[in-house]
Amino acid sequence: MTVVRYERRGPVAMVTMNRPDYRNAQNSAMTYALDEAFYRAAADDDVKVIVLAGAGKHFSAGHDIGTPERDADVSFERKAGLWWDHVGKEGAESRFARESEVYLGMCRRWREIPKPTIAMVQGACIAGGLMLAWVCDLIVASDDAFFADPVVRMGIPGVEYFAHPWAMPPRIAKEFLYTGDRMPARRAYEVGMVNRVVPREELEARTLALAERIAAMPRMGLALTKKAVNQAEDLQGMHVGMDSVFGLHHLAHAHNAETAADSLAGMDPRSMKAAADGS
């Protein structure tokens with residue numbers, strides 16, 4: 001099964017994560033397949049807008065930390081930076097190299113795609129799923145969607161692409177992280193993280209209608225406008241802020257590796273879900 005599907009619908013490229021049995025958990029194979037699909041869409045002059053979707057009931061449950069296809073120990077051709085391959089390295093050297101590439105590095109590349117991107121979110125958008133939604137310019141969510149970053153339960157200060165204080169007001173970001181609670185789509189809209197909330201059965205049609213409306217604008221104007229807003233965010237400290245938190249993120253991993261069962265503090269998908277459910 002192809003882990004990412006690519007489809008052209010007129011001026012819109014649909015890029016769909018396709019691991020529905022695992023709630024579109026992101027292994028490395030999916031990450032590099034997403035990168036290839038985004039490159040394909042960026043290079044196609046007939047594509048004006050890119051929509052990122054998730055097959056099945058959920059957009060994405062985050063990083064793959066426990067499926068049978070977890071491939072954290074596999075080498076891929078590196079795309080996002082010049083840091084060395086993580087395979088064959090130990091401890092923080094391995095974790096930092098891998099996460100610099102497949103998490104922070106890839107997300108930063110995708111944020112800079114010179115075409116408008118829209119995340120079409122249904123069901124769960126958790127931790128690493130937030131990163132994929134946040135790199136997109138717009139988010140359209142179904143009324144059953146929810147958002148969460150529960151990794152503070154692992155002793156880690158949020159996911160690697162730390163956009164929280166820019167995706168929502170800082171006090172809301174603190175509550176979001178401190179509690180690990182699920183934020184319903186309507187609340188995400190109220191705090192400005194989501195552009196539109198629509199009925200689940202209308203999600204695809206409404207997202208495509210928005211994409212087609214944007215596609216009517218001139219390509220160069222869209223590209224420059226996107227760059228202008230991204231530059232404004234970076235002038236507000238987004239880029240350097242992420243660098244600083246990425247260091248704290250890896251301090252937490254190293255602390256866990258010294259004091260707990262592993263760098264994730266012994267947590268796995270089952271224990272994370274149980275904690276979220278209060279059981």
Side-chain angles (χ1 to χ4, degrees), residues 3 17 19-31 54 57-76 83 85-107 123-134 146-164 173-183 242-279:
V3 293
M17 295 177 283
R19 300 184 74 208
D21 291 346
Y22 303 115
R23 300 197 300 170
N24 297 314
Q26 304 151 29
N27 60 4
S28 294
M30 173 183 282
T31 301
K57 295 181 179 179
H58 301 284
F59 178 75
S60 177
H63 301 332
D64 186 343
I65 61 172
T67 83
E69 296 163 15
R70 187 168 187 252
D71 53 6
D73 58 344
V74 177
S75 292
F76 289 79
W83 207 273
D85 189 6
H86 69 286
V87 174
K89 314 302 187 299
E90 295 183 354
E93 183 179 11
S94 176
R95 285 191 299 273
F96 192 90
R98 180 171 186 268
E99 295 192 358
S100 294
E101 166 79 3
V102 298
Y103 298 149
L104 182 59
M106 287 290 194
C107 285
C125 182
I126 300 173
L130 291 170
M131 294 166 41
L132 299 183
W134 284 345
F146 63 89
F147 304 83
D149 188 356
V151 301
V152 176
R153 292 194 180 97
M154 299 175 174
I156 297 172
V159 290
E160 295 85 354
Y161 184 82
F162 193 82
H164 307 63
K174 288 177 180 178
E175 180 183 358
F176 185 69
L177 287 162
Y178 290 172
T179 65
D181 289 345
R182 296 173 175 178
M183 179 183 287
M242 280 190 185
D243 281 342
S244 66
V245 178
F246 192 64
L248 298 176
H249 182 98
H250 281 275
L251 171 62
H253 273 315
H255 177 73
N256 286 343
E258 288 189 24
T259 63
D262 54 35
S263 65
L264 302 180
M267 301 293 281
D268 59 21
R270 184 170 298 176
S271 60
M272 289 291 283
K273 185 177 187 303
D277 294 340
S279 57

J.: Which distance, rounded to the nearest 0.5 Å, do you find between the CD1 of Ile65 and the OG of Ser263?
T.: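 Output value for this atom pair is 10.0 Å.
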J.: Quick check: do Asn27 and Thr67 have side-chain heavy atoms less than 4.5 Å from each other?
T.: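 Side chain of Asn27 against side chain of Thr67, heavy atoms only: no contact under 4.5 Å found.
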J.: Heavy-atom distance under 4.5 Å between the side chains of Trp134 and Cys107, does that happen here?
T.: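 Not in contact.
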J.: Using modelled atom types and a 3.5 Å cut-off, is there a donor and acceptor pairing between side-chain atoms of Asp71 and backbone atoms of Ala29?
T.: yes
J.: Do Arg98 and Ser28 get their side chains close enough for a donor-acceptor pair, meaning under 3.5 Å?
T.: yes
J.: Compare every heavy atom of Leu104 with every heavy atom of Glu160, then report the nearest pair and how far apart it is.
T.: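 For Glu160 and Leu104, the tightest heavy-atom pair comes out as O-CD1, 3.8 Å.
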J.: Would you say the side chain of Asp149 lies within less than 4.5 Å of the side chain of Leu177, judging by non-hydrogen atoms?
T.: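 Heavy-atom side-chain distance check passes, below 4.5 Å.
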J.: Does Lys89 NZ have over 12 foreign heavy atoms under 6.0 Å away?
T.: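 Enclosed: over 12 neighbouring heavy atoms sit under 6.0 Å from NZ of Lys89.
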J.: When rounded to the nearest 0.5 angstrom, what is the spacing between CZ in Arg153 and OG in Ser271?
T.: 10.0 Å
J.: Are the side chains of Val159 and Tyr103 in contact, using a 4.5 Å heavy-atom criterion?
T.: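 Side chain of Tyr103 against side chain of Val159, heavy atoms only: no contact under 4.5 Å found.
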J.: Could you pull out all residues at least two apart from Ala260 that satisfy side chain to side chain contact (heavy atoms under 4.5 Å, CB included)?
T.: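 By the side chain to side chain contact (heavy atoms under 4.5 Å, CB included) rule, Ala260 matches Ala265.
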J.: Are His164 and Val245 close enough that some pair of their side-chain heavy atoms sits under 4.5 Å apart?
T.: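 Side chain of His164 against side chain of Val245, heavy atoms only: no contact under 4.5 Å found.
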J.: As an exercise, state the distance from CE of Met183 to CZ of Phe176, rounded to the nearest 0.5 Å.
T.: 5.5 Å
J.: Does the side chain of Arg19 come within less than 4.5 Å of Asn24's, by heavy atoms?
T.: yes
J.: Could you measure the distance from the NE2 atom of His58 to the OH atom of Tyr22? Nearest 0.5 Å is fine.
T.: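 Reported value, rounded in 0.5 Å steps: 15.0 Å.
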J.: Side chains of His63 and Met131: closer than 4.5 Å at any heavy-atom pair?
T.: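 A side-chain contact exists here, since the closest heavy-atom pair is under 4.5 Å.
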J.: Test of understanding: with ring-ring contact (aromatic ring centres under 6.0 Å, His included), list the residues that count as partners of His249, not counting sequence neighbours.
T.: His253
J.: Write down the atom of Asp73, the atom of Val87, and the distance for their closest heavy-atom approach.
T.: O-CG2, 3.5 Å
J.: Taking salt bridge (Lys or Arg N to Asp or Glu O under 4.0 Å) as the test, write out the residues that go with Arg182, two or more places apart.
T.: Asp277
J.: Is there side-chain contact between Arg23 and Lys57, with heavy atoms separated by less than 4.5 Å?
T.: no
J.: Check whether Asp64 reaches the backbone of Gly66 with its side chain - one donor and one acceptor, N or O, closer than 3.5 Å.
T.: yes
J.: Drop me the distance from Met17's CE to Phe59's CZ, to the nearest 0.5 angstrom.
T.: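 Nearest 0.5 Å value for the CE-CZ distance: 4.0 Å.
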